[in-house]
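A short worksheet on the structure shown next.
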Amino acid sequence: MLDLKKIRAEYPILGRTVEGRPLVYLDNAATSLTPDCVVKVINEMYHCHKANVHRGVHTLSQEATDLVEATREKVRQHIHAQSIEEIVFTRGTTESINLVASSLGDMLQHGDEIILTVMEHHSNIVPWQLIGRRKRIRIRAVPISDDGQLDLEAYEDMFTENTRFVAIAHVSNVLGTVNPVKQMIDIAHRHDVPVLIDGAQAAPHLALDMQAMDCDFYALSSHKMYGPTGVGVLYGKRQWLEKLPPYQGGGEMIGHVSFDNTTFADLPFKFEAGTPDYVGIAALAQAIDYINELGMDQIAAHEHELLQALTQGLMEIDGTRIFGSAPEKGAVVSFLVRDINSYDMGLLLDKLGFAVRTGHHCAQPLMARYGVTGMVRASLAFYNTLDEVHAFVAAVRRVAGMF
Ligand SMILES: *Cc1c(COP(=O)(O)O)cnc(C)c1O
């Protein structure tokens, strides 16, 4: 069992008010809150270790470098990657996906096909479209059932001799669906097609094992898993990272530079041009320790209890439509009440102290699939309480009554 009182004391922001009412933060899928222990590391970095990494011989630079490389090892262990060469630091999931799309794009030909799904976040759609503009590749999207599950038969049928890549969300940021990624990766591999998993919504809630999953790439964001903003991770199987050309050029990513011939650094530095966010990277290690100390199982159990209470409470409100009811579902509930506009509902909920997300959730093709322009989304984290969930349901009921 999680000690919620103790946990919540680590988040000063949970003590603040909004519109004179206690804040109830239910926008965790957009960004998570950051515990004191992580903020402390950020402070320590500025106070004690502020020096550029991988460059200086001086003590401060060595210390900063060691902290960054210790995080790399921490991430490797956390996601069970084979080696630290497979862990690339980026600015976030978006940059991780852009890196793969851009580098892989160089290797694609006209007429090649890529498989995505209807439930992808824009950051796993648009980077592929940008490549598509350069190379006229074809993008296909796996459809979903009404309850928000991918149609695996349709997926399997999409593979042709021109299929070159698959990129899918591990957990949908709107529907909460936990996709059967292992099964989908196996299918793709049978066709010799590599797979990228967008793990932005999975990393905060699920234990990750790259060996068991066998994906070729995995992308995640620190700020959604209780770490600092501005840092992300791209995991890539070594043989793929070796094959891909560099994404950006600059310092750090080179072997030797001359105007005749420049060589590139070894992995993972080939993909880390310029000064990384070494402050944030160092603090990410603390966030990983923090969630592991709480226990991913405990986190999942508590969030599941909250999810059930939230789902049940909202269902009892007349005219509520919940989007996504897959049996395997993460702790987000997207919904609409009657024909009340999501933005209007969100504004009124904010007046009552509740922070939720409204609108298209960076997933406009998914909104189109359900024939709506937006939804209200309440997304949970382990520091949320059952009392908050009940208060939220009461608030939605009250707001719905105003229309
Ligand atoms: C948030 C999110 C992203 C983008 O993450 P950034 O941190 O903004 O780069 C991508 N995919 C999913 C599923 C997300 O929820």
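Read the numbers this way: they start at 1 and go in the same order the structure lists the ligands and their atoms. As a basis for the values below, the full set of heavy atoms in this structure was taken, side chains included, without hydrogen atoms, waters or symmetry mates. Please read all numbers here as calculations on a predicted model, not as lab measurements.
- Of all the atoms in ligand 1, the ones that sit under 4.0 Å from a non-hydrogen atom of A200 are 2 (C), 3 (C), 10 (C), 11 (N), 12 (C), 14 (C), 15 (O).
- Ring to ring, H191 and F159 are close: their centroids are under 6.0 angstrom apart.
- Per-residue contacts place Q201 under 4.0 angstrom from the following atoms of ligand 1 (heavy atoms of the residue considered): 13 (C), 14 (C), 15 (O).
- Scanning the protein heavy atoms around atom 8 (O) of ligand 1, the nearest turns out to be T94 OG1, 3.6 Å.
- Using a 4.5 Å cut-off on side-chain heavy atoms (C-beta onward), D198 and Y218 make no contact.
- Looking at H223 against ligand 1, only its side chain comes within 4.0 Å, counting heavy atoms.
- Here the side chains of D277 and R91 are not in contact, with every heavy-atom distance at 4.5 Å or above.
- Residues H121 and H361 place their aromatic rings such that the two centres sit no closer than 6.0 Å.
- With contacts defined as side-chain heavy-atom distances shorter than 4.5 Å, the pair F269/M253 does not qualify.
- Between L336 and T320 the shortest side-chain heavy-atom distance does not fall below 4.5 Å.
- Considering backbone and side-chain atoms together, K224 places an N or O closer than 3.5 Å to an N or O of ligand 1.
- Residue contacts with ligand 1 include S123, since one or more of its heavy atoms lies under 4.0 Å from the ligand.
- Listed by number with element, the atoms of ligand 1 under 4.0 Å from a non-hydrogen atom of S221 are 5 (O), 6 (P), 7 (O), 9 (O).
- For atom 11 (N) of ligand 1, the nearest non-hydrogen atom of the protein is D198 OD2, 2.5 Å.
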